[in-house]
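First comes the structure, then the notes that go with it.
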Amino acid sequence: MADPFDLTVIGSGPGGYVCAVRAAQLGLKVAVVEKWPTFGGTCLNIGCIPSKALLHATELFEEATHNFDRLGIDIDGPRLNLEQMMAHKDDVVASNTSGIEYLFKKNKITAFQGIGTIAGPGKVIVTPESGAPQEIEAKAIVIASGSVSTPLPGIETDEDRIVTSTGALSLGKVPENLLVIGAGVIGLELGSVWARLGAKVTVVEFLDRILPGMDGEVAKQFQRMLSKQGFTFKLGTKVTAIDMGEKGLVAHLESASGGSDETLEADVALVSIGRRPFTEGLGLDTVGIEIDGRGRIKTDGHYQTNVQGIYAIGDVISGPMLAHKAEDEGVALAEILAGQAGHVNYGVIPGVVYTNPEIAAIGKTEEDLKAEGVPYKIGKFPFTANGRAKAMLATQGFVKLLADARTDRVLGAHIVGKNAGEMIHEIAVLMEFSGSAEDLARTCHAHPTLSEAVREAALACGLGAIHI
Ligand code: FAD
Ligand code: NAD
């Protein structure tokens with residue numbers, strides 16, 4: 001057998017590959033085990049990256065359809081070439097996944113293709129699709145096996161007509177009627193993709209609001225914006241069954257509180273009711289690794305499971321299922337394993353919904369602050385009063401900043417607007433340094449930029465906004 005590794009990482013998603021790279025940079029001898037033929041996990045292969053390729057392309061398609069004439073660009077209406085749009089998406093995925101291959105080579109990380117099963121502390125069996133299993137030894141094992149789509153009881157996905165996000169990223173034609181089950185991030189992002197290309201999208205959501213967890217005011221306003229874009233929402237409703245007829249699907253809907261049945265016809269149904277940790281094949285039972293009531297691997301403050309030398313990060317443990325959260329845990333754990341003080345600040349993790357307009361959030365919502373009894377003040381500024389937004393025909397939305405009423409410290413921010421996902425980071429840095437609304441308000445911002453609306457919201461927290 002070859003020399004043991006310092007570290008074997010199971011899974012090459014944003015948690016696993018980033019952990020491996022940082023550990024190798026810090027001088028550890030690292031192996032990665034990945035069951036898929038390409039690296040990068042859900043995020044690069046069937047998640048963040050392909051969805052953003054389609055969101056970008058369809059946003060331009062919509063822009064050309066609705067806004068070009070106002071900008072003085074006369075064209076004969078754009079025509080959709082779906083095959084090329086999908087080819088663009090596939091190219092972007094290939095370029096990103098091969099980038100990870102390059103990073104592994106550059107950092108002298110040994111990659112094994114196959115299912116990784118923990119046979120005991122320090123021992124991982126790799127079972128490739130063909131060929132004999134192989135045992136590798138390491139001082140530490142990191143589980144970064146990610147998550148999969150949560151199934152809806154009684155409704156089977158075939159990735160053709162009843163799809164998860166994976167099928168929704170590769171439909172062969174634009175559905176006339178798309179049923180989206182779940183008004184979360186996936187439902188609204190992928191619903192947007194197909195709505196922009198002409199699908200009539202109906203979103204069925206169990207709760208009485210969209211985007212649970214996000215600031216309530218943001219969710220309410222955003223629902224109105226999506227309704228104007230042609231989305232139909234059926235809130236407080238659940239799908240109980242879907243009949244697959246030759247002509248199409250017939251979904252049976254029921255009020256969440258019971259009773260009042262109705263049916264809805266669709267060509268394609270997207271099941272997007274959340275994701276659950278993926279732990280199959282890891283051999284958790286063999287080594288006695290504990291999971292919680294929601295199937296997540298339990299870890300301590302240093303990402304160690306109840307078994308010494310076996311760690312877990314990313315979607316498979318608690319916390320938001322976000323690529324950058326998994327990455328930061330990967331870095332923190334690599335640093336801890338190398339004897340440093342790795343740490344993740346869970347209070348400052350941005351969340352972005354890449355719709356049009358985008359939604360970006362960080363820190364506390366108003367609902368959180370009310371529940372915690374923290375006195376707060378709000379600074380708000382609409383993009384209708386921002387010069388650059390007017391020039392870009394992007395005046396929808398606002399910036400909402402929440403600061404402690406006693407100390408002026410910024411506790412949270414919520415942005416609905418074009419490029420919100422880029423603007424949120426100045427607030428992230430501010431919050432990392434425990435900055436105040438006045439710190440932000442007194443920082444010079446370039447003119448004309450959308451970010452001036454962030455400064456104006458900070459001014460509105462105390463000193464007073466200028467442009468409204
Ligand atoms: P994953 O990326 O799921 O990777 C796990 C890897 O482990 C996989 O490659 C899997 O094959 C491998 N694996 C599992 N078990 C084994 C085993 N036993 N042996 C070998 N290999 C194994 N997040 C964002 O932050 N921004 C976004 O814009 C965003 N968009 C998304 C869009 C969609 C459609 C979806 C589905 C998700 C999106 N996410 C987004 C969420 C993001 O993809 C996840 O949070 C992230 O990928 C989690 O990283 P991870 O490393 O924990 O796991
Ligand atoms: P989600 O948790 O965001 O939303 C699921 C929605 O489905 C919720 O609104 C929930 O109330 C609803 N729901 C649950 N059961 C239902 C039922 N039986 N009928 C109707 N509605 C029901 O989950 P998602 O959209 O599937 O996304 C999964 C994960 O992927 C999320 O945790 C998210 O963090 C991650 N993701 C992130 C991004 C991003 O960062 N831009 C993009 C896509 C996915």
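Both ligands and their constituent atoms are indexed starting at 1 by order of listing. Being a predicted model, the structure only gives us computed values, none of them experimental.
- In the vicinity of Gly41, heavy-atom distances shorter than 4.0 Å reach the ligand 1 atoms 2 (O), 4 (O), 8 (C), 9 (O).
- Residue contacts with ligand 2 do not include Pro320, since none of its heavy atoms lies under 4.0 Å from the ligand.
- Under a 4.0 angstrom heavy-atom cut-off, Thr117 registers as lying outside contact with ligand 1.
- Those atoms of ligand 1 with a heavy atom of Gly314 less than 4.0 angstrom away are 52 (O).
- Of the protein's heavy atoms, Gly47 CA, 3.3 Å lies nearest to atom 33 (C) of ligand 1.
- Contact annotation for Tyr354 and ligand 1: only side-chain heavy atoms (C-beta onward) come within less than 4.0 Å of the ligand.
- Backbone and side-chain nitrogen or oxygen atoms of Arg275 are examined, and none is located within less than 3.5 angstrom of a nitrogen or oxygen of ligand 2.
- Every atom of ligand 2 with a heavy atom of Tyr354 under 4.0 Å away is listed here by number and element: 41 (N).
- Close N/O approach between Glu205 and ligand 2 is found [any backbone or side-chain N/O within under 3.5 Å].
- Rounding to the nearest 0.5 Å places OG of Ser170 at 11.5 Å from CG of Asp160.
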Walk me through it: do Glu329 and Tyr311 pass the test side-chain hydrogen bond (donor to acceptor under 3.5 Å, both in side chains)? CA-CA 11 Å; Glu329 288 177 344; Tyr311 301 80; over 6 Å; no
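- Judged purely by atom type and a 3.5 angstrom limit, His302 has no side-chain atom pairing as donor or acceptor with the backbone of Leu333.
- From the protein, the heavy atom lying nearest to atom 7 (O) of ligand 2 is Gly182 CA, 3.3 Å.
- Side-chain contact, Thr38 with Asn45: a donor N or O sits under 3.5 Å from an acceptor N or O.
- When Pro14, Gly13, Ala312 are ranked by how near their heavy atoms come to atom 4 (O) of ligand 1, first place goes to Gly13.
- Using a 4.0 Å cut-off between heavy atoms, Ile273 contacts ligand 2 through both its backbone and its side chain.
- Listed by atom number, the atoms of ligand 2 under 4.0 Å from Leu207 heavy atoms are 11 (O).
- Among protein heavy atoms, atom 3 (O) of ligand 1 sits closest to Thr42 OG1, 2.6 Å.
- Closest heavy-atom approach to atom 14 (C) of ligand 1 among the candidates Gly283, Gly146, Ser145: Ser145.
- Looking at atom 8 (C) of ligand 1, its nearest protein heavy atom turns out to be Glu34 OE1, 3.6 Å.
- When hydrogens are left out, the protein atom nearest atom 18 (N) of ligand 1 is Gly116 O, 3.0 Å; that is the closest non-hydrogen contact.
- For ligand 1, the atoms closer than 4.0 angstrom to any heavy atom of Cys43 are 2 (O), 43 (O), 47 (O).
- For Leu322, heavy-atom contacts with ligand 1 shorter than 4.0 Å involve the backbone as well as the side chain.
- Here the side chains of Leu44 and Cys48 are not in contact, with every heavy-atom distance at 4.5 Å or above.
- The closest protein non-hydrogen atom to atom 7 (O) of ligand 1 is Gly11 CA, 3.2 Å.
- Between Thr286 and Leu284, every side-chain heavy-atom pair lies at or beyond the 4.5 Å cut-off.
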Evaluate the criterion side-chain hydrogen bond (donor to acceptor under 3.5 Å, both in side chains) for residue pair Gln25 and Arg22; output intermediate values, then yes/no. CA-CA 5 Å; Gln25 286 172 343; Arg22 176 55 103 224; 2.5 Å; yes
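- Residue Ile186 places at least one N or O, backbone or side chain, under 3.5 Å from an N or O of ligand 2.
- The ring of Phe39 has its center closer than 6.0 angstrom to the ring center of Phe104.
- Remark: ligand 2 atoms within the under-4.0 Å shell around heavy atoms of Leu152 are 18 (N).
- With a 4.0 Å cut-off on non-hydrogen atoms, Cys48 touches ligand 1 through its backbone as well as its side chain.
- Residue Lys52 approaches ligand 1 through these ligand atoms, each under 4.0 Å from one of its heavy atoms: 27 (C), 28 (O), 29 (C), 30 (N).
- In this structure, Pro50 has no heavy atom closer than 4.0 Å to ligand 1.
- Interface of Met321 with ligand 1, defined as ligand atoms under 4.0 Å from a residue heavy atom, comprises 41 (C), 45 (O).
- Residues Leu7 and Lys29 fail the side-chain proximity criterion, which asks for heavy atoms closer than 4.5 Å.
- The shortest N or O to N or O distance between Glu280 and ligand 1 is not below 3.5 Å.
- Remark: minimum distance from atom 26 (O) of ligand 2 to any protein heavy atom is reached at Gly274 N, 2.9 Å.
- Ion pairing of Asp267 with Arg161 is absent here, as no side-chain N (NZ or NE/NH1/NH2) approaches a carboxylate O to less than 4.0 Å.
- In terms of protein heavy-atom proximity, atom 4 (O) of ligand 2 is closest to Gly184 CA, 3.2 Å.
- In this structure, atom 21 (N) of ligand 2 lies nearest to the protein heavy atom Phe206 N, 3.2 Å.
- Within ligand 2, counting atoms from 1 as listed, the ones closer than 4.0 Å to a heavy atom of Val352 are 39 (C), 40 (O), 41 (N).
- The heavy-atom pair separating Cys43 from Ala323 by the smallest distance is SG-CB, 3.9 Å.
- Salt-bridge formation is detected for the pair Lys418/Glu59: a Lys NZ or Arg NE/NH1/NH2 atom is positioned less than 4.0 Å from an Asp or Glu carboxylate oxygen.
- Of all atoms in ligand 1, numbered sequentially from 1 with element shown, those under 4.0 Å from a heavy atom of Ser165 are 34 (C), 36 (C).
- Of all the listed residues (Met321, His324, Lys52), Met321 holds the heavy atom that lies closest to atom 33 (C) of ligand 2.
- Glu217 has a carboxylate O that lies under 4.0 Å from a charged side-chain N of Lys380, or vice versa, which qualifies the two as a salt bridge.
- Near Ser147, meaning under 4.0 Å from any of its heavy atoms, are these atoms of ligand 1: 3 (O).
- The atoms of ligand 1 that sit less than 4.0 Å from any heavy atom of Ile115 are 18 (N), 19 (N).
- Within the structure, ligand 2 lacks Val239 among the residues with a heavy atom less than 4.0 angstrom away.
- If you check which protein heavy atom lies closest to atom 44 (C) of ligand 1, you get Asp315 OD2, 3.3 Å.
- The closest protein non-hydrogen atom to atom 21 (N) of ligand 1 is Lys35 N, 3.2 Å.
- For atom 3 (O) of ligand 2, the closest heavy atom belonging to the protein is Val185 N, 3.3 Å.
- Looking at Ile181 next to ligand 2, no N or O pair under 3.5 Å apart turns up.
- For Val316, no heavy-atom contact with ligand 1 is shorter than 4.0 Å.
- Checking side-chain atoms of Glu159 against main-chain N and O of Thr164 turns up a donor-acceptor pair under 3.5 Å.
- Looking at Leu211 against ligand 2, nothing comes within 4.0 Å, counting heavy atoms.
- In terms of protein heavy atoms, atom 36 (C) of ligand 1 is closest to Arg275 NH1, 3.4 Å.
- Both the backbone and the side chain of Ala323 come within 4.0 Å of ligand 1, judged by heavy-atom distances.
- Asp208 places no side-chain N or O within 3.5 Å of a backbone atom of Gly236 that could act as its donor or acceptor partner.
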